[in-house]
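Counting starts at 1 for both ligands and their atoms, following the listed order. Sequential numbering from 1 along the given sequence is applied to the chain's residues.
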Amino acid sequence: MTQIISCVMNRERSDLFLIRNSPNYSPTKIKWVSLVSFRERSTSRGLAGVAQVSCSYSAELGCSMKFAVFVPPQLESGPVPVIYWLSGLTCTEQNFVTKAGAQTHAAKHGFLMVAPDTSPRGLNIPGEDDSWDFGTGAGFYVDATKEPWKENYHMYSYITKELPAVIAANFKVNSEKIGIMGHSMGGHGALICALKNPGLYKSVSAFAPICNPMECPWGEKAFGGYLGHIKHHWKDYDACSLIKNYSGPPLEILIDQGTEDDFLHKGQLLPENLEKAVHGSNMALTLRMQDGYDHSYYFISSFMGDHFDHHAKYLKAYPLGMEATEPHTPSTPNAVPLPFSKN
Ligand SMILES: N[C@@H](CCC(=O)N[C@@H](CSC=O)C(=O)NCC(=O)O)C(=O)O
């Protein structure tokens, strides 16, 4: 155990692959490795908080994974709620950081933001880089069951279990107050993570999500490849199917969808199917069709503030008698200490 941990802390990614194949490997040890291998790769102050890119070895994915974290100033005074952002096809952790304009909203509300990558990378699985909508950059937030993907393509477990454990071990977050949002493939991811884990995520929203992957070309390709061709097995990862059987606490979903989104017109997103599925369920859906907007991050950034307000309704609700920590603007731009070393 000690040997494995020191290897992770002192060496680079190629060595992490060796760990999995080492005679010392056991799943329990690897869970430890995920936590202790956490390291900050960059830290930048700006927009009223601190933006970091971190990385940790993922036992689920069998490789080192980068993720972006925005630390709001409120973290100085106590644990803060956390919101996960799931990105779309072709994205890394960087698209959200550089284009979504979320940081000022996160700082205003006091939310820690986590934006992971969209798939494992660099595993040399045959076919992983053959297309932009499958394999690298297109993990689809499922746990694959088919070869050659089933060893590593466990984005669902990574997002819902492994990454939250890494975040809780390294940041002062309130693990009772977790929200999730995403875009397109990541919107699908946000919806299914919330629907499959009643009560875990207190708030959920999405921009132009793939609402019914079982019935659209992107989903058919991804689910067929990762889960096999028995369509019945796909229901576990399809928001429209999951909503019908959801019996957890009531959830209010906010979705924004641009009317000039090419992927909407090509039948990839199918928000109308989600609207139908919601009827008679324990779910409320606010679907806003935004006139003239496309699928881009210009669209996302235009409505990001509304999504944060939506999440704030649920993540900032404190039990009676407990005082909420109000969001505040730091009195000096250097209010948050920088405890992290750069690589
Ligand atoms: N093939 C194109 C288009 C890829 C694309 O539009 N990706 C979207 C997500 S689509 C559904 O998940 C995206 O978020 N792109 C990143 C961005 O910064 O806009 C291509 O490769 O560009």
Report every pair formed by an N or O atom of ligand 1 and a protein N or O atom separated by less than 3.5 Å, giving atom names and the distance to 0.1 Å.
from	atom 1	to	atom 2	distance (Å)
ligand 1	7 (N)	Leu89	O	3.1
ligand 1	12 (O)	Leu89	N	2.8
ligand 1	12 (O)	Ser184	OG	2.8
ligand 1	12 (O)	Met185	N	3.0
ligand 1	18 (O)	Asn95	ND2	2.8
ligand 1	18 (O)	Lys99	NZ	2.6

Query raised in the report: Are Arg121 and Glu128 within salt-bridge range, i.e. N to O under 4.0 Å?
Result: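 No, Arg121 and Glu128 are not salt-bridged.
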Query raised in the report: Under a 4.5 Å cut-off applied to non-hydrogen side-chain atoms, are Val80 and Phe111 in contact?
Result: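 Result no, sub-4.5 Å side-chain heavy-atom pair not found.
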Query raised in the report: Can you tell if the side chain of Cys193 reaches within under 4.5 Å of the side chain of Tyr201, non-hydrogen atoms only?
Result: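 Cys193 reaches Tyr201 side chain to side chain.
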Query raised in the report: Are Tyr298 and Tyr293 connected in a single hydrophobic cluster, I mean Ile/Leu/Val/Met/Phe/Trp/Tyr linked by side-chain heavy atoms less than 4.5 Å apart?
Result: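 No, it is not one cluster - the side chains of Tyr293 and Tyr298 are not joined through contacts under 4.5 Å.
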Report task. Keeping to residues at least two apart or across chains, list the side chain to side chain donor-acceptor pair (under 3.5 Å) pairs with something in residues 262-272. Result -> none
Requested in this report: Could you tell me how the ring of Phe140 sits relative to the ring of Phe223: parallel (under 30°), tilted (30 to 60°) or perpendicular (over 60°)?
Outcome: perpendicular
